[in-house]
Amino acid sequence: MRRRRKQRLTKVALITGLSLGAVFAAAPVLWMLSTSLKPNGEVMATPPKLISGNVSFAAYTTVLTDPDKLRFFINSYVVALAVTALTLLVAILAAYAFSRYEFRGKRLVNVVIVSVQAVPPITLVIPYFGLMVSMGLYNTYPGLIITHMVFTLPYAIIMMTAYFNTLPRELDEAVKVDGATGWTALWRILVPISVPGMIAVGVYTFMISWNEYLFALTLTRTDDMRTVPIGIQLLMGQHSYQWNEMMAMSILGSIPVLVLFLIFQRRFIGGLSAGAVKA
C-alpha cells in the first residue's frame, strides 16, 4: 500500500510539474498571439484581456503587404538557408577528416574548435566590424553569412564528428577495398546513413542564424539588408511602439523554425541522441 501510494504521489507530482512547465512555456506565446490580434490602442488596456472583443488581423495585413517588412523575411531566409547549407557542407568534410584520419595538429584543431564555443560573441563585435569593412563585406549577404558560420560551425563539426564516430569504419573500408576512394565512401555510404545527424545539425544551425540579432544589427546599415529580429526592433519608435505589428512579426518569424521542428522532430531528437553516444 505504501509503495502504491508513493507511486501515485510521484505520478501526481510529475504531472503537476509538467503541467506547470507547459503553462509557463505557453503563456508568453499565447499572450504574443493575443497581442497581435488586438488594435494597438487596446494592447495596454487595463485590466489586460487575453481575448479581445475586437479581434483584428490588421497587424498581419500591414506586415504582409508592406514591401519593406517582407524584405526582412526575405533577408532572413537568404542568410539562414545559405548558412545552413554551407555549414553542413563544411561540417561534413571536417567531421569525416576528424573521424577517419589521423594528422598532425588534430588535437590542437579540436581544442580550437571547442574553444570558439566558449568565446562570448559580444567580445568579437568590434573586430568583426573592422574586418568586414576592410574586406568590403559590410552591409552584404556574404558578410552576414560568413559571420554566422563562425558561430554555427564549431557545434556542427563536433556533432557530425560524434555521429561519424558511431558508424563502423568497416563500411567505408569495404568500399575502398572495391577500388573506390574515400571521397566515394563519404558521399555514397556515410552521408546517406547520416541523415538524422545532418537534420539535427541543420535545424540547429537554421535556428541560430534565423534568430541572430547582435551581428545582424552591427554588420548591416540599410533597411534592405536587415533581418527579422532587426525589423521587429525597428518598430519601436521614439514616442510609440507598434506592439501589435511587433507581435505579428514575431509570430510570423517563429513559424519557419516551428515548422522545421515539427517536420523533422523525430530525426532531430534521434540525431542529437545518436551524436551524443560517442565523441
Side-chain angles (χ1 to χ4, degrees), residues 71-101 109-110 112-119 121 124-125 127-129 131-164 182-220 224-230 253 256-257 259-261 263-264 267-268 271-272 275:
R71 183 71 186 182
F72 300 143
F73 287 92
I74 293 173
N75 292 338
S76 286
Y77 276 115
V78 170
V79 173
L81 290 174
V83 169
T84 302
L86 292 174
T87 297
L88 277 174
L89 176 61
V90 176
I92 288 171
L93 297 176
Y96 182 64
F98 283 123
S99 176
R100 294 301 195 259
Y101 296 99
V109 175
N110 271 320
V112 171
I113 290 173
V114 174
S115 299
V116 172
Q117 291 285 83
V119 178
L124 301 176
V125 170
Y128 263 99
F129 177 80
L131 181 63
M132 292 302 160
V133 170
S134 64
M135 294 176 62
L137 297 177
Y138 178 63
N139 201 47
T140 64
Y141 285 137
L144 281 178
I145 292 169
I146 293 172
T147 303
H148 286 185
M149 285 182 63
V150 171
F151 300 101
T152 59
L153 263 178
Y155 172 85
I157 293 174
I158 292 170
M159 282 297 299
M160 288 306 302
T161 301
Y163 199 90
F164 281 165
W183 189 261
T184 302
L186 171 63
W187 295 108
R188 294 288 183 89
I189 304 297
L190 298 184
V191 169
I193 61 179
S194 301
V195 171
M198 293 169 58
I199 289 176
V201 172
V203 172
Y204 170 83
T205 301
F206 185 90
M207 290 170 57
I208 293 297
S209 180
W210 181 272
N211 294 319
E212 203 282 321
Y213 174 85
L214 182 60
F215 288 94
L217 175 64
T218 306
L219 300 180
T220 56
D224 63 331
M225 285 300 303
R226 306 288 196 184
T227 56
V228 171
I230 313 304
V257 177
V259 170
L260 277 176
F261 184 79
I263 292 176
F264 300 115
R267 291 194 172 186
F268 178 74
L272 287 177

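Source: prediction; values computed, not measured.
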Handout entry: Check: Thr205 main-chain N/O paired with Ser209 side-chain donor or acceptor under 3.5 Å
Key =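 Side chain of Ser209 to backbone of Thr205, a donor-acceptor pair under 3.5 Å: no, none is there.
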Practice task
Keeping the roles fixed (side chain from Asn75, backbone from Asp224), state whether a donor-acceptor pair exists under 3.5 Å.
Solution key: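 Side chain of Asn75 to backbone of Asp224, a donor-acceptor pair under 3.5 Å: yes, one is there.
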Exercise for the section: Could you walk me through whether Thr227 and Tyr213 pass side chain to side chain contact (heavy atoms under 4.5 Å, CB included), step by step? Expected result: CA-CA 8 Å; Thr227 56; Tyr213 174 85; over 6 Å; no
Practice task
Using the side chain to side chain contact (heavy atoms under 4.5 Å, CB included) rule, take Leu124 and Phe151 through it: C-alpha gap first, then chi angles, then the decisive distance, then the call.
Solution key: CA-CA 11 Å; Leu124 301 176; Phe151 300 101; 3.9 Å; yes
On a heavy-atom basis, which atom in [X] and which in [Y] lie closest, and how many Å separate them?
| X | Y | answer |
| --- | --- | --- |
| Thr161 | Ile157 | OG1-O, 2.7 Å |
| Tyr141 | Arg71 | OH-NH2, 3.3 Å |
| Pro192 | Val195 | O-CG2, 3.2 Å |
| Ala156 | Val201 | CB-CG1, 3.4 Å |
| Leu217 | Arg226 | O-NH1, 3.3 Å |
| Pro154 | Val150 | CD-O, 3.2 Å |

Less than 4.5 Å apart, any side-chain heavy atom of [X] and any of [Y]?
| X | Y | answer |
| --- | --- | --- |
| Thr140 | Met132 | no |
| Ile146 | His148 | no |
| Thr218 | Tyr128 | no |
| Asn139 | Leu219 | no |
| Leu153 | Val116 | no |
| Phe206 | Pro256 | yes |

Whether [X] and [Y] hold their rings parallel, tilted or perpendicular, with breakpoints at 30° and 60°:
| X | Y | result |
| --- | --- | --- |
| Trp210 | Phe73 | tilted |
| Tyr138 | Phe129 | perpendicular |
| Phe164 | Tyr96 | perpendicular |

Which donor-acceptor pairs under 3.5 Å do side chains of residues 77-92 form with protein atoms, sequence neighbours excluded?
from	atom 1	to	atom 2	distance (Å)
Thr84	OG1	Ala80	O	2.7
Thr87	OG1	Val83	O	2.6
Thr87	OG1	Thr152	OG1	3.0

Problem - Interatomic distance, Ser76 atom OG to Asn211 atom CG [nearest 0.5 angstrom] - result: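 Interatomic distance, Ser76 OG to Asn211 CG, rounded to 0.5 Å: 9.0 Å.
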Practice task
For Phe215 and Val125, run side chain to side chain contact (heavy atoms under 4.5 Å, CB included): C-alpha distance rounded to whole Å, both residues' side-chain angles, the deciding distance at 0.1 Å, then the answer.
Solution key: CA-CA 7 Å; Phe215 288 94; Val125 170; 4.1 Å; yes
Handout entry: Step-by-step side chain to side chain contact (heavy atoms under 4.5 Å, CB included) determination, Met149 to Ile145
Key = CA-CA 6 Å; Met149 285 182 63; Ile145 292 169; 4.1 Å; yes
